[in-house]
Amino acid sequence: MYHSGNHLLDPNVILARAHLEVGMRIADFGCGRTGHIVFPAAAFLKPSGVVYAVDIMKDVLEEVRKRSALEGLANIHTVWADVERVGMTAIPPRTLDIVFLINLLIHSKARGDMLREAARLLKDKGRLAIVEWTEARPPLVLRDSTLVNFTDIVGWGEESGFVVQDDFTAGKYHRGLILYKHD
């Protein structure tokens with residue numbers, strides 16, 4: 001049995017806010033061992049859609065690979081990559097409909113590079129779904145200095161050809177942004 005983590009963050013809410021549609025090609029950067037976004041998305045998208053589970057940790061990808069085989073989800077493809085290095089994710093540029101960054105930016109000192117890598121992979125009219133912890137986070141989870149500044153993310157988006165399509169509460173401790181690419 002796999003732990004879903006849904007008590008803090010419901011992936012179905014995020015998928016709905018990102019306007020996931022059958023047949024899409026998506027990526028979850030920093031997918032994590034549980035594949036919190038990967039597995040619900042793959043089940044929704046099958047058989048014609050593709051989910052790229054992207055992570056820097058090979059053992060995490062092996063867990064995702066094993067679970068996808070167990071659950072019969074052949075539309076999940078694991079990709080080993082450092083998404084903080086622009087141009088290094090082995091997914092063809094401009095081929096994705098949505099890139100998800102869920103609780104990932106908070107762990108990075110190279111947030112701009114991570115956002116640029118996501119933008120590089122998105123099609124025109126693609127979406128970037130970002131969900132991060134807010135100031136209301138549970139005690140002892142994070143220090144204030146590591147929280148993501150959503151104003152900075154919106155500013156980056158505007159400079160990079162994105163508009164804010166949605167800004168939402170993604171649970172008790174999270175905020176979400178859907179940025180729409182309109183090159």
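All residue numbers in this chain count up from 1 along the given sequence. Only this structure's heavy atoms are used, side chains among them; waters, hydrogens and symmetry mates stay out.
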How long is the straight-line distance from [atom2] of [Y] back to [atom1] of [X], given to the nearest 0.5 Å?
X: R116; Y: R85; atom1: CZ; atom2: CZ; answer: 14.0 Å
X: I130; Y: H174; atom1: CD1; atom2: NE2; answer: 13.5 Å
X: N103; Y: Y173; atom1: CG; atom2: OH; answer: 13.0 Å
X: S48; Y: E21; atom1: OG; atom2: CD; answer: 11.0 Å
X: C31; Y: L61; atom1: SG; atom2: CG; answer: 5.5 Å
X: E63; Y: M57; atom1: CD; atom2: CE; answer: 11.0 Å

How about CZ on R65, more than 12 heavy atoms from neighbouring residues, nucleotides or ligands closer than 6.0 Å, or not?
yes
Main-chain N/O of [Y] paired to [X] side chain as donor or acceptor, under 3.5 Å:
X: K181; Y: L122; value: yes
X: E117; Y: T89; value: yes
X: T95; Y: P92; value: yes
X: S108; Y: A110; value: yes
X: W80; Y: I56; value: yes

How far apart are the C-alpha atoms of I26 and L45, what are their side-chain angles, what is the distance that settles it, and do they pass the side-chain contact (heavy atoms from CB on, under 4.5 Å) test?
CA-CA 10 Å; I26 70 166; L45 293 174; 4.1 Å; yes
Please tell me whether [X] and [Y] are part of a single hydrophobic cluster in this structure, the criterion being side-chain heavy atoms less than 4.5 Å apart.
X: I102; Y: F44; result: yes
X: L104; Y: I153; result: yes
X: V148; Y: V83; result: yes
X: I76; Y: V60; result: no

Charged N-O contact under 4.0 Å between [X] and [Y]:
X: R33; Y: D55; answer: no
X: E71; Y: R67; answer: yes
X: K123; Y: D97; answer: yes

T78 and S68: side-chain contact (heavy atoms from CB on, under 4.5 Å), yes or no, with the steps?
CA-CA 10 Å; T78 57; S68 63; over 6 Å; no
So do [Y] and [X] actually touch side chain to side chain, heavy atoms under 4.5 Å?
X: I37; Y: V51; answer: no
X: L15; Y: F100; answer: yes
X: F162; Y: V154; answer: no
X: F150; Y: R175; answer: yes
X: Q165; Y: R17; answer: no
X: L73; Y: K46; answer: yes
X: L101; Y: D28; answer: no
X: H36; Y: L9; answer: yes

I need the minimum non-hydrogen distance between [X] and [Y], along with the two atoms involved.
X: A90; Y: V79; answer: N-CG1, 4.1 Å
X: F29; Y: M114; answer: CE2-O, 4.1 Å
X: A42; Y: N75; answer: O-ND2, 3.0 Å
X: L147; Y: R111; answer: O-NH1, 3.7 Å
X: A119; Y: W156; answer: CB-CH2, 4.1 Å
X: N12; Y: P40; answer: OD1-CB, 4.0 Å

Show your working on side-chain contact (heavy atoms from CB on, under 4.5 Å) between D124 and R94 and close with a plain yes or no.
CA-CA 7 Å; D124 293 340; R94 302 174 72 83; 2.6 Å; yes
Working note: Y180 + V164, criterion side-chain contact (heavy atoms from CB on, under 4.5 Å); need CA distance, chi angles, decisive distance, verdict.
CA-CA 6 Å; Y180 180 74; V164 175; over 6 Å; no
Name the one of L96, I98, L115, I178 that satisfies side chain to side chain contact (heavy atoms under 4.5 Å, CB included) with L128?
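Of the listed residues L96, I98, L115, I178, the side chain to side chain contact (heavy atoms under 4.5 Å, CB included) partner of L128 is L115.
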